[in-house]
**Student:** 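This is the structure I want to talk about, given as structure tokens.
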Amino acid sequence: MNILLTNDDGIQAVGLRSLYSSIKKAGHNVQVVAPVTEQSAVGHAVSLSSPLRVKEFKEDGFSGFGVYGTPVDCVKLGLTTLLDKKPDIVISGINSGANVGVDILYSGTVSAATEGALMGIPALAVSYDAFNPTDLTGQADYCIEMLSEIPWSKFEKKTVLNLNFPALKIADTLKIKFCRHTRVSWHDWYDARKDPRGGTYYWLDGVMPKKLISTGTDRDLLTKGHITMTPLHFDFTDREAITALEQAFNT
């Protein structure tokens with residue numbers, strides 16, 4: 001299997017390096033095209049007014065292309081220009097921090113996978129429900145082992161699989177659940193702080209209200225210790241609203 005590996009945490013991130021090792025260990029071919037610097041929460045941004053520069057990383061046991069751009073830039077540039085082999089799958093991750101509910105709109109991790117799907121390649125986004133992991137070997141091995149079990153041919157075209165691991169050792173996680181994403185939005189606020197020169201700056205913070213999270217959704221199950229997988233497709237059309245508009249304007 002030929003795999004394109006990317007992320008939004010940067011080419012030197014723990015999650016990407018763990019997946020890289022697991023892919024090689026499993027005997028697959030891996031090509032890396034990932035951001036040089038962290039690009040968390042940039043969503044599906046594409047660089048249009050600035051050039052993309054590429055730095056080749058060659059280390060003991062690792063090689064890949066680092067792009068000074070967004071996760072979507074990496075996938076676009078990789079699939080059209082940098083790679084010598086068309087991948088069988090695009091894997092994005094393992095991200096530091098879960099991507100559940102509305103996070104899928106903000107996430108550079110999910111967006112990179114989505115771009116692969118939009119370009120006709122099966123795609124998997126992978127995240128871990130903590131922000132400072134030091135070892136994701138178990139999660140990476142699990143991810144690569146399950147690839148051959150995924151029934152890609154039975155999905156609609158341009159489907160993205162969104163896989164999330166709880167903040168537990170892999171041996172302590174509960175079985176995988178296939179579920180819908182929560183519809184709860186973040187309750188956000190900004191902390192006002194002072195820099196060393198007395199200027200004010202603002203730092204985003206927020207919570208996803210627990211009492212609003214429905215049982216059986218990704219956020220609920222992940223909190224309970226389950227691995228979760230949610231198939232995503234990006235048809236944003238509200239068909240009921242179309243009917244309502246037609247009825248309103250036809251009368």
**Student:** Just checking, is any N or O donor in the side chain of Gln139 or Thr137 under 3.5 Å from an acceptor N or O on the other one?
**Tutor:**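 No, no side-chain donor-acceptor contact under 3.5 Å.
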**Student:** Honestly curious: do Leu16 and Val42 fall in one hydrophobic cluster under the side-chain, below-4.5 Å linking rule?
**Tutor:**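 No: no chain of side-chain contacts under 4.5 Å links Leu16 to Val42.
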**Student:** Where do Lys175 and Ile227 land on the side chain to side chain contact (heavy atoms under 4.5 Å, CB included) test, with the steps shown first?
**Tutor:** CA-CA 6 Å; Lys175 69 177 183 179; Ile227 301 168; over 6 Å; no
**Student:** Taking all atoms of both residues into account, what is the closest heavy-atom pair of Ser127 and Gly97, and its distance?
**Tutor:**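 Minimum heavy-atom contact is CB-O, 3.4 Å.
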**Student:** Going by the side-chain contact (heavy atoms from CB on, under 4.5 Å) test, name the single residue among Leu161, Ile3, Asn162 that passes it with Leu124.
**Tutor:**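 It is Leu161; the other options fail the test.
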**Student:** Looking only at the side chains, is there a donor atom on one of Asp73 and Thr70 sitting less than 3.5 Å from an acceptor on the other?
**Tutor:**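 Side-chain D/A pair, Asp73 to Thr70: present.
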**Student:** Tell me whether Asp60 at atom CG has more than 12 heavy atoms from other residues, nucleotides or ligands lying less than 6.0 Å away.
**Tutor:**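 Counting neighbours around CG of Asp60, 12 or fewer heavy atoms of other residues, nucleotides or ligands fall under 6.0 Å, so no.
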**Student:** Between Arg53 and Gly69 (side chain of the first, backbone of the second, donor and acceptor by atom type, cut-off under 3.5 Å), is there such a pair?
**Tutor:**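 No, the answer is negative, given that no donor and acceptor are paired below the 3.5 Å cut-off.
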**Student:** Can you tell me how far apart OG (Ser107) and NE2 (His44) are? Round to the nearest 0.5 Å.
**Tutor:**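 Between Ser107 OG and His44 NE2, I get 11.5 Å after rounding to 0.5 Å.
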**Student:** Report the distance from atom CD1 of Ile94 to atom SG of Cys143, rounding to the nearest 0.5 Å.
**Tutor:**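 Ile94 CD1 to Cys143 SG: 6.0 Å, rounded to 0.5 Å.
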**Student:** What verdict does the salt bridge (charged side-chain N to carboxylate O under 4.0 Å, His left out) test give for Asp129 and Arg219, after you've listed the backbone C-alpha separation in whole Å, the side-chain angles of each residue and the deciding distance to 0.1 Å?
**Tutor:** CA-CA 10 Å; Asp129 196 17; Arg219 179 67 271 174; 2.5 Å; yes
**Student:** With rounding to the nearest 0.5 Å, note down the distance linking CG in Asp220 to OG1 in Thr182.
**Tutor:**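 Nearest 0.5 Å value for the CG-OG1 distance: 8.5 Å.
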**Student:** Between Arg193 and Asp191, does any side-chain N to carboxylate O distance fall below 4.0 Å?
**Tutor:**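 A salt bridge is present here (some side-chain N lies under 4.0 Å from a carboxylate O).
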**Student:** Do we see a donor-acceptor contact under 3.5 Å between the side chains of Asp8 and Thr109?
**Tutor:**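 A pair is found: one side chain offers a donor N or O, the other an acceptor, under 3.5 Å apart.
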**Student:** Applying the 4.5 Å side-chain criterion to the ILVMFWY set and letting contacts propagate, would Met146 and Leu5 be lumped into a single cluster?
**Tutor:**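 Per the 4.5 Å side-chain linkage, Met146 and Leu5 are co-clustered.
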**Student:** Mind checking who shares a hydrophobic cluster with Phe249, ILVMFWY linked at side-chain heavy-atom distances under 4.5 Å?
**Tutor:**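 Phe249 clusters with Leu245.
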**Student:** Linking Ile, Leu, Val, Met, Phe, Trp and Tyr through side-chain heavy atoms less than 4.5 Å apart, which residues share a cluster with Leu118?
**Tutor:**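 Answer for Leu118: none, a lone residue.
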**Student:** What's the separation between atom CD in Glu149 and atom CD1 in Ile176, rounded to the nearest 0.5 Å?
**Tutor:**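 So the gap between those two atoms works out to 11.0 Å.
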**Student:** List in chain and number order the residues that pass salt bridge (charged side-chain N to carboxylate O under 4.0 Å, His left out) with Arg239, two or more places apart in sequence or in another chain; answer none if no residue qualifies.
**Tutor:**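 Here the qualifying residues are Asp235.
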**Student:** Rounded at 0.5 Å granularity, tell me how far CZ in Phe178 sits from NE2 in His226.
**Tutor:**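 Rounded to the nearest 0.5 Å, the CZ-NE2 separation comes to 12.0 Å.
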**Student:** Hey, any chance Tyr20 and Phe165 share a hydrophobic cluster, counting ILVMFWY side chains that come within less than 4.5 Å of each other, even indirectly?
**Tutor:**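 Same hydrophobic cluster.
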**Student:** Rest of the hydrophobic cluster containing Leu4 (Ile/Leu/Val/Met/Phe/Trp/Tyr, side-chain heavy atoms under 4.5 Å)?
**Tutor:**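 For the cluster that includes Leu4, the remaining residues are Val33, Leu52, Val54, Phe65, Val67, Val75, Leu77, Leu79, Leu82, Leu83, Val90, Met119, Ile121.
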**Student:** Can you list everything that forms a side-chain hydrogen bond (donor to acceptor under 3.5 Å, both in side chains) with Asp141? Sequence neighbours excluded, please.
**Tutor:**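 side-chain hydrogen bond (donor to acceptor under 3.5 Å, both in side chains) list for Asp141, sorted by chain: Ser22, Lys25.
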**Student:** Which hydrophobic side chains are connected to Leu221, either touching it within the sub-4.5 Å cutoff or through other members that do?
**Tutor:**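 None; Leu221 is a cluster of one.
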**Student:** Does Phe57 have more than 12 heavy atoms from other residues, nucleotides or ligands lying within 6.0 Å of its CZ?
**Tutor:**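 Yes - once you tally the heavy atoms of other residues, nucleotides and ligands closer than 6.0 Å, there are more than 12.
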**Student:** Applying side chain to side chain contact (heavy atoms under 4.5 Å, CB included), run through Val32 and Thr6 and close with a yes or a no.
**Tutor:** CA-CA 6 Å; Val32 176; Thr6 189; over 6 Å; no
**Student:** Between Asp9 and Ser40, is the side chain to side chain donor-acceptor pair (under 3.5 Å) condition met? List the steps.
**Tutor:** CA-CA 6 Å; Asp9 288 331; Ser40 296; 3.3 Å; yes
**Student:** Ignoring hydrogens, what is the shortest heavy-atom contact between Ser111 and Val72? Give both atom names and the distance.
**Tutor:**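 Between these two residues, the closest heavy atoms are O-CG2, 3.7 Å.
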